[in-house]
Protein chains: 4
Amino acid sequence: MTKTKQEQSSERREEILGIAARLIAQRGYSATTVRDIAEEAGILSGSLYHHFASKEAMIQEILHGFMDRLLTRYDEIAANATDPRAGIDALIECAFETIGREPSAVGLYQNEAAFLATQPGFEFLVAESERIETIWIGQLRAGQSAGVFRPEGDPAVTYRFIRDAVWSTVRWYRPGGRHTVESMSTQFLALVHSGLDAD
Amino acid sequence: MTKTKQEQSSERREEILGIAARLIAQRGYSATTVRDIAEEAGILSGSLYHHFASKEAMIQEILHGFMDRLLTRYDEIAANATDPRAGIDALIECAFETIGREPSAVGLYQNEAAFLATQPGFEFLVAESERIETIWIGQLRAGQSAGVFRPEGDPAVTYRFIRDAVWSTVRWYRPGGRHTVESMSTQFLALVHSGLDAD
Amino acid sequence: MTKTKQEQSSERREEILGIAARLIAQRGYSATTVRDIAEEAGILSGSLYHHFASKEAMIQEILHGFMDRLLTRYDEIAANATDPRAGIDALIECAFETIGREPSAVGLYQNEAAFLATQPGFEFLVAESERIETIWIGQLRAGQSAGVFRPEGDPAVTYRFIRDAVWSTVRWYRPGGRHTVESMSTQFLALVHSGLDAD
Amino acid sequence: MTKTKQEQSSERREEILGIAARLIAQRGYSATTVRDIAEEAGILSGSLYHHFASKEAMIQEILHGFMDRLLTRYDEIAANATDPRAGIDALIECAFETIGREPSAVGLYQNEAAFLATQPGFEFLVAESERIETIWIGQLRAGQSAGVFRPEGDPAVTYRFIRDAVWSTVRWYRPGGRHTVESMSTQFLALVHSGLDAD
DNA sequence: CATGAATGAGTATTCATTCAT
DNA sequence: CATGAATGAATACTCATTCAT
């Protein structure tokens, strides 16, 4: 009934969403006030409501956008993967690239998704997480069947180890330091494929 | 006159801290109100202030206790480790045990430490985290020097991959399910030592 | 420079005033927002200010128009009344007709006039109400003097009983139901003239 | 779950409810702010929430109490009425007494009930209003059957004329003036029984 | 030790209004 | 005439904290 402007993506909206994502990634959802966001955007907090229906609507839009983009990429990778090893590598590389491209959204997702998933209006988080999980586990299982990955180990658990290690880098990786997203990606691939041990 | 009651560690205090840890781990620090905690403890929120100076004091005590216990164990492990491989294994096993023993504290640490570390009164978080990091990286570096670990890879980055993968399990591991803390520990050790790839 | 547009009574103005009257009659003055009104009119709330100086100006215009039309009719009735009984009947019938013709204005008047009368800018409400009261009480008193109405009873109180019973019907009368404005008028006249009791 | 204190009627609660009823009766529900109420009670607006869950909860409690008391009295009257004439008289006298005893609640009911009845949480208004209507119409119909009231006229409409005329007096009756509640009651009974006309 | 009443600063949100385009 | 972005003040409500009892 009441027309949400969710679809008419003006630049101003995107700008504000970017600010919100950054602040929420830094401080957490409930520790970030709409005043904080508005102030950073150079307007009064009430004026935010010209663009968004609520604080909740903002984070929903951020998370929904993030997950949709991610799933699109993952789907493409899964569709084009020639073999499971290449598939897993591409998924990992894609995750690291995503950290480089939109660290705020990743950080926010990493910090808040678990809690928000239990809240009404965020059911999409569970649904899309499961689709992502299916893609990853599919590659891992295919690799085990093909004999390119070790047969022992629950793929669901392995997936979570990999996922958490990769996404968590967003908390400590700072561009411009000793490492790039690519170098971390490389190092992670080496570790995950061959392990720590020397032969 | 005003005597800090921090030392008279009555059972009631511990009970309340446990409740607080659990709630904060579930909902986050700022989303958990002192009323929530008091209600769960069966008292009124004002009465909490008979036991603790402030909400901040509660989380400080929780985190300080957690990190002190952890560091004590890590120090012991480092002191007794016969070789780097055994040392790393013991550290990883210790972390998984800690997840089993005090999941609330781990969860809370995992969710809130990064933000709280930037706040006044939480400087100890940075200090103790650095000591922990030193212990881990020491073992990794020793393993590389001894030739038991592959020489390539920045040990600081490897440490963070391992740390994040391990601690993050607290977010999805539920006792009583398909896996135990021990089985996850075992699977993780296999992955980290030998990697995914079949020989 | 700033010319009040009160005089250029475009159809659009009247249309918007009608919408405003209806909404305010339903929800009350302060519970009706200018956004509600604008939305119903198919424009944005800011655009209302092209037609009216303020929300207050809108309700002033509605009420002023309503009372002016009513007074005009009452004046005519009082001027033409051949005897007090006919006069009272005509006043009552006129009120019921008004309810049929402009129920929103009546409802809004019924709900809001008492409060608004105490607010600056609404002094006309008191003044016109008094003129109306004078007309009614004049007829009642004339009837008592002429012996056609019972001599006991304070005409001022009788007037208010009648006025409130009549105007209040706007709250529950719905056209298209069992009763018409005329049938209610008839029943009310019977009650007010002869009372409940059988002879 | 969350214990509403609705039942533990401290004096403070009653005092605040009285203030709220008075202000809301004067200005209307949405024009009365919780700040207004708190200020009049000599506390800060936030402190109101120690006593009541919300502004809505306050008006619900006021209206519920009012209607319950009224229905109790009406039920008693209907149970003890020896004949319909006496029954109607007692109902009317009871209403005028109620105006004298709790004018704020009556005024608030008169002004806000129609709108609030459409809102969630106020379903009891409709239910109790219908029970009241049943009692009144029962007496009117019994009087018609017994031949003590004129047979013409829809009792449902007659009831509403009487109800509105009586309750509306709360808007203009001021104690200490020319009339008392009793004298108004007397005058109203004379009008409603015998009508305006001299024999 | 606990209650219950209160504070005071803050939170998200609403709303009448303004104004450049 | 209308839009869309913004203001600024107000609104209901929350929450950590205090304190007399």
Side-chain angles (χ1 to χ4, degrees), chain A residues 5 8 10-13 15-16 29-38 41-58, chain B residues 5 8 10 12-13 16 29-38 41-58, chain C residues 5 8 10 12-13 16 29-38 41-58, chain D residues 5 8 10-13 15-16 29-38 41-58:
Chain A
K5 318 209 156 173
Q8 353 171 351
S10 70
E11 296 157 30
R12 193 74 175 114
R13 276 177 70 81
E15 195 188 339
I16 294 172
Y29 177 56
S30 44
T32 305
T33 71
V34 296
R35 270 232 269 285
D36 293 337
I37 299 168
I43 56 177
L44 289 175
S45 69
S47 307
L48 272 185
Y49 291 80
H50 185 66
H51 302 280
F52 304 94
S54 65
K55 184 187 172 186
E56 195 182 293
M58 296 184 70
Chain B
K5 316 218 158 176
Q8 5 168 338
S10 68
R12 194 77 175 114
R13 277 178 70 82
I16 294 172
Y29 177 56
S30 44
T32 304
T33 71
V34 297
R35 267 239 264 290
D36 291 337
I37 300 168
I43 55 177
L44 289 176
S45 68
S47 308
L48 270 186
Y49 290 79
H50 198 68
H51 301 280
F52 303 95
S54 68
K55 184 186 175 187
E56 198 182 288
M58 295 184 71
Chain C
K5 315 216 158 175
Q8 6 169 337
S10 68
R12 194 76 176 114
R13 276 178 70 82
I16 293 172
Y29 176 57
S30 43
T32 305
T33 71
V34 298
R35 267 238 265 288
D36 292 336
I37 299 168
I43 55 178
L44 289 176
S45 68
S47 308
L48 271 186
Y49 290 79
H50 197 68
H51 301 282
F52 304 95
S54 66
K55 185 187 175 187
E56 198 182 288
M58 296 185 71
Chain D
K5 318 208 159 173
Q8 354 171 351
S10 72
E11 297 156 30
R12 194 75 176 112
R13 275 178 70 81
E15 195 188 338
I16 293 172
Y29 177 58
S30 44
T32 304
T33 70
V34 297
R35 271 233 269 284
D36 293 337
I37 299 169
I43 55 177
L44 289 175
S45 71
S47 307
L48 273 186
Y49 291 81
H50 185 64
H51 302 281
F52 304 95
S54 65
K55 185 186 172 186
E56 195 182 293
M58 297 185 68

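Sequence lines set the chain letters: A, B, ... in the order given, protein chains first and strands last, and positions in each chain run from 1.
Listed here is the closest heavy atom pair of S30(C) and S30(D): OG-OG, 3.4 Å. The shortest non-hydrogen separation linking I37(C) to M58(C) is CG2-CE, 4.1 Å. Heavy-atom minimum distance, S45(C) versus R35(C): CB-CG, 3.8 Å. Here the shortest heavy-atom pairing between I16(D) and L48(D) reads CG2-CD2, 3.6 Å.
Put simply, CZ on R12(B) and NE2 on H50(B) are 11.5 Å apart, with the number rounded to the nearest 0.5 Å. Atom-to-atom distance recorded for Y29(C):OH and K55(C):NZ is 5.0 Å, nearest 0.5 angstrom.
Comparing dC1(E) with dT21(F), their C1' atoms are spaced 13 Å from each other, to the whole Å.
Both G42(C) and D36(D) lie near DNA chain F, and the one whose nearest nucleotide falls closer to the 5' end is G42(C). Between I43(B) and L48(D), it is I43(B) whose nearest contact on DNA chain E lies nearer the 5' terminus.
Distances shown here put every side-chain N or O of H50(A) at or beyond 4.0 Å from the OP1 or OP2 atom of dT14(E). Between R12(A) and dA6(F) there is a side-chain polar atom (N or O) within less than 4.0 angstrom of OP1 or OP2. H51(A) has a side-chain polar atom (N or O) that falls below the 4.0 Å cut-off from OP1 or OP2 of dA6(F).
Pairing of dT13(E), defined by two Watson-Crick or G-U wobble distances under 3.5 Å, is identified with dA10(F).
Atom pair I37(A):CD1 and dT11(E):P shows a separation of 12 Å (rounding to whole Å applied). The CE-P distance, from M58(C) to dA16(E), rounds to 11 Å in whole Å.
When the nucleotides dA6(F), dT7(E), dA6(E) are ranked by their closest atom to the side chain of L44(D), dT7(E) comes out on top.
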**Report entry** Sugar-phosphate or base contact per nucleotide [nucleotides 16-21 of chain F; S, B, -; heavy atom under 4.0 Å]
**Finding:** SBB---

